[in-house]
Peer 1: 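First the structure, then my questions, so here it is.
Remember, predicted model here, so these are calculated numbers, not experimental data. As the structure lists them, so they are numbered: ligands from 1, and atoms in each ligand from 1.
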Amino acid sequence: MEESLNVRGLIITAPLSVSMSTFDLRLPSEEYVKVKVEACGLCTWEQRVYRGTKPTYPFWGGHEVSGVVSAIEGKNTQNLKTGDRVALALMRRCGQCHWCVNDLDNHCVYIRPEAQGTFPSGPRGLSDLMLVPPYQVFPLGVGVKPWEGALVEPIACVLRSVDKGQVKSGDTALVIGGGTMGLIHTSLLKIRGCKVVVVDEDATNRRRVRLAGADWTFSWTRNDLAKAILRLTEGRGADAVFCTRGGTDAVKFSTKVVGRGGRIVLFQSILGSRNVSVDANDLHYREIQILGTISQTREDFQRAVDLVSTCRDFLKSLKTESVKAEFANRAFEKATSRKFNRVLVRFD
Ligand SMILES: [Zn+2]
Ligand SMILES: [Zn+2]
């Protein structure tokens, strides 16, 4: 039997520099699934490393991945067969640590993979082939396309965020930011029956969120923005606010426009200054909750797979583009241009 596998991977070696390298991956001794990667999304993480705002070189990125099962080794793989199109949840979850057994496997103590020899660090989805443990492999429904499968990961993250907002149908939700994550928030909140307000300074983004079903859109720079939002809710304020952009200003603003008993969900990670001051009595008297959300649990991922497998019409509001791995530089240029909601690298 073969002992190692030849894999091609896209490595970012310096700002604005990405190239294909070949690696000899040793086959795992325990059970594993071999997946031929079809599509891999270029998310903020990969874009920041490419642009140089997160300079961790060399970097083997890619965590939004779909592909086809080409070999299965081991026992815990009954739900899989070769030829299945699958989405990969590449986060490590040991299943045994304190967080894993308390429904917080997105905080597994082993989440960071240990460095392996001289291989570049990173989740490695930007590869033509992957060897992954069976728990990271999720079969997709019939007819799900590779680019749709690659979007399961960000959708799972947004599902978790929307859950933290505890919205009910008929609620008014405010989404700050009309980028890719703002669009997915808008779609999932509409699926839950909410009225959705989106704030973004960019008119193009506002047009896209309207296509995703937003009921109202406002410019972030509007002078009477808080008043305008309060007016929509007869002065009560939003039931839930989702901060996908806007840094600390968005958090401060949220406390002004969230209603009594409302939830403010911090979805974005903030670069630079992160200190926010809020009036504690404002939280106390109005029973406002501020909640964080990060990545996704295994359960969130499975729910995103189910959603994409059964109802994926909402993905049409996203402007996507597929680029062959051979033209990786072009793919990263497009991804960082903000013209597209997701650029997917194709390995075929
Ligand atoms: Zn991502
Ligand atoms: Zn764990």
Side-chain angles (χ1 to χ4, degrees), residues 10 12 30 37 39-51 53-54 56 59-67 76 87-114 121-127 130 132-136 138 146-162 177 179-185 187-188 242 244-245 266-271 293-301 303-305 307-308 315 318-322 331-332 334-336 338 340-345:
L10 284 178
I12 306 177
E30 68 275 31
V37 174
C40 179
L42 300 179
C43 185
T44 317
W45 185 8
E46 287 79 21
Q47 292 174 30
R48 282 178 180 169
V49 179
Y50 179 77
R51 282 204 312 264
T53 49
K54 195 176 162 69
T56 49
F59 180 64
W60 191 346
H63 61 277
E64 300 179 356
V65 189
S66 72
N76 292 314
L88 301 182
L90 295 175
M91 288 178 64
R92 300 208 322 161
R93 316 183 203 265
C94 75
Q96 280 152 16
C97 73
H98 176 83
W99 307 116
C100 278
V101 299
N102 283 288
D103 301 327
L104 286 166
D105 62 24
N106 54 329
H107 294 274
C108 176
V109 296
Y110 299 106
I111 212 110
R112 300 234 168 267
E114 67 270 11
S121 67
R124 297 189 190 173
L126 286 167
S127 306
M130 294 199 83
V132 291
Y135 75 85
Q136 294 184 337
F138 293 75
W147 70 271
E148 294 168 331
L151 285 166
V152 165
E153 196 270 349
I155 291 166
C157 298
V158 177
L159 267 179
R160 181 169 188 78
S161 172
V162 168
T180 312
M181 294 303 135
L183 274 164
I184 301 177
H185 271 87
S187 295
L188 298 191
F242 300 87
T244 74
R245 265 191 193 165
L266 309 191
F267 181 85
Q268 63 167 176
S269 70
I270 298 176
L271 285 176
T293 185
I294 182 68
S295 54
Q296 86 298 132
T297 62
R298 210 182 124 69
E299 196 194 323
D300 298 324
F301 202 92
R303 289 190 303 130
V305 164
L307 181 67
V308 169
L315 292 174
L318 300 175
K319 196 166 159 63
T320 61
E321 175 94 334
S322 293
F332 273 90
K334 285 189 172 197
T336 48
R338 277 202 169 194
F340 301 94
N341 294 117
R342 207 39 117 233
V343 171
L344 301 128
V345 176

Peer 1: Pair W45, F59 - check ring-ring contact (aromatic ring centres under 6.0 Å, His included), show working.
Peer 2: CA-CA 11 Å; W45 185 8; F59 180 64; 5.4 Å; yes
Peer 1: Verify the distance test for C157 against the Zn ion (ligand 1): any N/O/S atom under 2.8 Å, yes or no.
Peer 2: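 Here the distance criterion (N, O or S atom, under 2.8 Å) is not met by C157, so no.
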Peer 1: So does H98 have any N/O/S atom less than 2.8 Å away from the Zn ion (ligand 2)?
Peer 2: no
Peer 1: What are the two closest non-hydrogen atoms of R342 and C43, and how far apart are they?
Peer 2: NH2-SG, 3.5 Å
Peer 1: May I ask you to check whether Y50 and F332 place their ring centers less than 6.0 Å from one another?
Peer 2: yes
Peer 1: Name whichever N, O or S atom of E64 ends up nearest to the Zn ion (ligand 1).
Peer 2: OE2
Peer 1: When you check the side-chain N and O atoms of T244 and H185, is any donor under 3.5 Å from an acceptor?
Peer 2: no
Peer 1: Quick one: do R298 and D105 make a salt bridge, cutoff under 4.0 Å?
Peer 2: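 Not counted as a salt bridge, because no side-chain N and carboxylate O are separated by less than 4.0 Å.
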Peer 1: Using 2.8 Å as the threshold, say whether any N, O or S atom from H107 sits that close to the Zn ion (ligand 2).
Peer 2: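 Coordinating: no.
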Peer 1: Quick check for you: with the Zn ion (ligand 2) as the vertex, what angle do SG of C94 and SG of C100 span, to 10°?
Peer 2: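 Value returned, to the nearest 10°, is 120°.
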